[in-house]
Amino acid sequence: MIVKLIVRGMLVGLLAGLFAAVFAYTAGEPRIDRAIALEEAAAAASPAGAHSHEAAQPAHSHDEDEAPVSRNGQRLGLFLALGLYGVAVGGLFALVYAAVRGRVGPRSEPVLAVTLAAAAFLAIVLVPFLKYPANPPAVGDPETINQRTVLYLTAVVVGILAVGAGTAAYRYASRSEPWLRWLAGGASLLVPVAAAWILLPEIDEVPPGFPADLLWDFRIASLGTQAVFWFGVGALFAFAARRRSPV
């Protein structure tokens with residue numbers, strides 16, 4: 001039954017989210033701590049920041065100036081957020097899997113699960129990342145957050161449509177030679193991505209002097225977190241598909 005499939009997807013998503021959280025904690029948190037330290041040092045070194053700190057010192061203690069949520073609380077929230085994200089995405093993944101099973105993609109259910117997870121990673125993560133990669137704290141103007149959010153979601157929609165167009169073109173050319181099928185699918189995928197790359201505006205808000213190695217390492221860690229999540233979804237769902245009873 002479809003309910004069992006959705007529950008299975010939610011459990012798979014939860015496990016994959018926790019795996020991704022472990023990776024993010026190991027690879028990403030040290031970069032975030034370093035970026036926060038740079039942001040605080042820059043604020044303390046600026047004349048405005050030093051003046052405001054001196055003015056506020058008699059009225060506020062150091063504890064009162066701390067962030068509402070401690071770094072330890074944020075780290076715990078990382079596991080909670082990715083776990084809940086995994087549950088939601090896992091349920092949606094199961095629905096899409098049920099919709100395409102037997103209609104689109106490989107006949108083998110485990111191979112279909114891995115293929116679907118790879119397609120989701122490409123559409124939802126990789127395509128937007130190539131245009132608008134993740135940035136650590138201290139990078140980005142708070143006043144442009146709405147614009148950046150809209151542009152990122154636009155890139156996600158482009159990625160989903162591009163993968164859908166590539167899949168449709170591949171199926172349409174199913175009676176052609178294999179190289180022609182791959183050419184049709186690849187071209188239908190790349191054309192909208194290239195068009196979006198050209199037409200969507202650039203966003204470059206990296207402050208002068210920000211360490212390039214920190215920016216690069218953070219972005220790789222962010223991409224790696226998503227890769228671990230989607231690899232986990234595909235692999236775990238494929239394992240469950242091999243061992244499941246008919247639904």
Side-chain angles (χ1 to χ4, degrees), residues 4-37 39 67-98 110 113-140 142 145-146 148-157 159-160 163 214-241:
K4 292 182 179 180
L5 192 64
I6 294 174
V7 171
R8 186 179 301 121
M10 294 171 68
L11 292 176
V12 163
L14 175 61
L15 290 176
L18 294 178
F19 291 153
V22 171
F23 180 89
Y25 180 84
T26 304
E29 284 298 312
R31 277 77 184 181
I32 294 177
D33 289 338
R34 185 181 168 192
I36 291 175
E39 185 179 29
V69 180
S70 67
R71 286 294 294 136
N72 287 334
Q74 293 172 8
R75 294 185 182 100
L76 178 61
L78 171 69
F79 284 84
L80 179 61
L82 283 175
L84 293 176
Y85 170 80
V87 170
V89 172
L92 292 174
F93 182 88
L95 286 174
V96 175
Y97 177 88
V114 173
T115 302
L116 188 59
F121 174 76
L122 175 63
I124 300 173
V125 179
L126 190 58
V127 169
F129 179 87
L130 293 175
K131 183 65 178 181
Y132 301 120
N135 288 323
V139 174
I145 187 170
N146 291 333
R148 286 183 279 125
T149 301
V150 170
L151 289 175
Y152 182 82
L153 292 178
T154 300
V156 171
V157 172
I160 294 173
V163 170
L214 175 58
L215 182 64
W216 174 256
D217 289 345
F218 178 85
R219 288 176 173 176
I220 292 300
S222 176
L223 183 63
T225 299
Q226 290 292 336
V228 169
F229 174 77
W230 284 107
F231 175 83
V233 169
L236 291 171
F237 208 95
F239 178 77

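When reading the values below, keep in mind they use all heavy atoms of this one structure, side chains included, and skip hydrogens, waters and symmetry mates. Predicted model, so just to flag it, every value in this text is computed and none were measured.
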Taking the side chain as every heavy atom from C-beta outward, state whether [X] and [Y] have any pair of such atoms under 4.5 Å apart.
X	Y	result
W230	I124	yes
P136	L215	yes
V127	L122	yes
V233	V89	no
L78	E29	yes
F231	F19	no

**OP:** Quick one: pull up CD1 in I220 and CZ in R31 and give me the separation to the nearest 0.5 Å.
**Re:**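 So the gap between those two atoms works out to 10.5 Å.
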
Original post:
Is the number of heavy atoms from other residues, nucleotides or ligands under 6.0 Å of F129 CZ greater than 12?
Top reply: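 Count over threshold, so yes.
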
Original post:
Is it true that F121 and F229 have ring centroids separated by less than 6.0 Å?
Top reply: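 Between F229 and F121, which both carry aromatic rings, the centre distance is not below 6.0 Å.
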
Original post:
Hey, would you say the Y97 and F237 ring centroids sit under 6.0 Å apart?
Top reply: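 Centroid distance Y97-F237: below 6.0 Å, so yes.
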
Subject >> N146/V150 under side-chain contact (heavy atoms from CB on, under 4.5 Å): CA gap, chis, key distance, verdict >> reply: CA-CA 6 Å; N146 291 333; V150 170; 5.6 Å; no

**OP:** Verify, without hydrogens or angle tests, whether S222 (side chain) and F218 (backbone) share a donor-acceptor contact under 3.5 angstrom.
**Re:**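 Not confirmed, S222 side chain does not pair with F218 backbone.
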
Original post:
Is there a donor-acceptor pair under 3.5 Å between the side chain of R219 and the backbone N or O of A134?
Top reply: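 Such a contact is found between R219 side chain and A134 backbone.
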
